[in-house]
Amino acid sequence: MSAKPRDTISAAIRQAAAQGRPAVVGFMTGGFPDLAGFGRSLAAIASAADVVEIGVPFTDPMADGMTIQRASHAALAGGFTLPWLLGELRQMQPRPPAPLLLMSYLNPLLAFGLDRLPAAAAQAGVAGFIIPDLPYEESAEMRAALDREGLALVQMVTPVTPPGRLEMLCAASQGFVYAVTMTGTTGRSVAVPDDVLAYMDRVRAVSPVPVCAGFGIRGPEQVARMQGHVDGVVVGSALVEVLERREDPAAFLRSLRP
């Protein structure tokens, strides 16, 4: 049986674990800081991250803090569209070495068309999707569509997800489980208290796929603190700020490794 694109996500995260460190999932906003330089930024991030998560800018984000909202606004003002992003990814040479995920709200995906989205994403080298505003109970149609191309639908859990629901979401997640470190939006720094580590342990105990912690991961101290409690970390706002300042994203990502 041939490996599906979604399997490359879990494999990349487990490969990092085999090297004795948490995997780093690097988040960048599609088309930011500008459309012309997006390919270069992606190549740099993919050279240092284990998995790359590309945010699809949207006008009404519900999970994004100010940094990512600002980047999305700039990308949309610069002419970003989802068809543009898929076209850019399809033409990229050489291909990014890290598996690619798209983080998108549901609206842009429905506007693109569920009938053609999976094939277009697969042709662009996308291995899966994170859709923060798609509840599990309403995801059957999306899941079936992505399944046609072997693409992942990553589930998100939070510290207040009840145990029964946590188990259900972990069982349904593909690629990895996105364990949100706190209630609220992205961008705030998290000190990683003991109860967050205990929550990560609970998620890992029931998850058949790797678990990655996200929201508020900004420095090597937090990554080191989470080692042994998660399989990977998602670095979002801090990485977008590096791009905003036109600094080297690959050097920043390498600095996070314990």
Side-chain angles (χ1 to χ4, degrees), residues 6 8-10 12-17 21-30 32 41-42 45-46 48-56 61-65 67-68 71-72 96 98-105 126-132 152-159 161 169-170 173-192 196-197 199-200 203-204 207 209-227 229-243 249-250 252-258:
R6 63 179 170 235
T8 62
I9 303 166
S10 304
I13 294 167
R14 291 192 172 113
Q15 196 175 349
R21 60 176 180 83
V24 174
V25 180
F27 174 92
M28 64 185 302
T29 299
F32 181 80
S41 298
L42 172 54
I45 290 169
D50 300 287
V51 176
V52 180
E53 181 189 341
I54 302 170
V56 175
M62 63 182 232
D64 298 332
T67 296
I68 293 172
S72 292
L100 305 180
L101 278 162
L102 294 191
M103 196 291 274
S104 178
Y105 294 93
V126 172
F129 286 82
I130 301 168
I131 310 173
L153 182 56
V154 174
Q155 299 294 327
M156 301 178 97
V157 300
T158 78
T161 303
L169 291 171
C170 288
S173 199
Q174 299 161 324
F176 66 94
V177 170
Y178 194 130
V180 176
T181 55
M182 58 183 158
T183 53
T185 58
T186 62
R188 292 180 300 151
S189 190
V190 172
V192 197
V196 169
L197 298 181
Y199 147 65
M200 296 298 169
V203 180
R204 266 183 114 189
S207 178
V209 291
V211 174
C212 295
F215 286 37
I217 313 287
R218 304 184 73 86
E221 305 78 15
Q222 292 155 316
V223 178
R225 180 112 165 90
M226 289 195 174
Q227 188 157 4
H229 300 275
V230 294
D231 303 291
V233 293
V234 183
V235 182
S237 297
L239 181 55
V240 173
E241 286 162 16
V242 167
L243 292 172
F252 170 71
L253 287 169
R254 283 193 291 269
S255 78
L256 296 175
R257 296 189 168 166

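In this chain, residues are counted from 1 in sequence order.
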So how far is it from [X] [atom1] to [Y] [atom2], rounded to the nearest 0.5 Å?
X    : Y    : atom1 : atom2 : answer
M226 : I217 : CE    : CD1   : 3.5 Å
D231 : R204 : CG    : CZ    : 4.0 Å
F129 : R6   : CZ    : CZ    : 13.0 Å
M103 : T29  : CE    : OG1   : 8.0 Å
E53  : Y178 : CD    : OH    : 5.0 Å
M200 : R225 : CE    : CZ    : 11.5 Å

What pairs with S10 under side-chain hydrogen bond (donor to acceptor under 3.5 Å, both in side chains), at least two apart in sequence or on another chain?
-> none
Between [X] and [Y], what is the shortest heavy-atom contact and its length?
X    : Y    : result
A71  : V240 : CB-CG1, 3.7 Å
S104 : P132 : O-CD, 3.4 Å
I9   : A152 : CD1-CB, 3.9 Å
A46  : A98  : O-CB, 3.9 Å
L101 : V154 : CD2-CG2, 4.0 Å
Y199 : V180 : OH-O, 2.8 Å

Pairing residues for D50 by the salt bridge (charged side-chain N to carboxylate O under 4.0 Å, His left out) criterion, not counting sequence neighbours | R21, R257
Evaluate the criterion side chain to side chain contact (heavy atoms under 4.5 Å, CB included) for residue pair F27 and I130; output intermediate values, then yes/no.
-> CA-CA 12 Å; F27 174 92; I130 301 168; over 6 Å; no
Under the side chain to side chain contact (heavy atoms under 4.5 Å, CB included) test, which residues partner [X], sequence neighbours left out?
X   : value
A12 : V51, P99
A49 : I45, V52, L253
S41 : M28, P33, L243

Polar side-chain atom of Q174 near backbone of L153 as donor-acceptor pair, under 3.5 Å | yes
Flag the pair V203 / C170 as yes when at least one side-chain heavy-atom distance between them is below 4.5 Å, and no otherwise.
-> yes
Step-by-step side chain to side chain contact (heavy atoms under 4.5 Å, CB included) determination, V24 to V235 | CA-CA 7 Å; V24 174; V235 182; 4.3 Å; yes
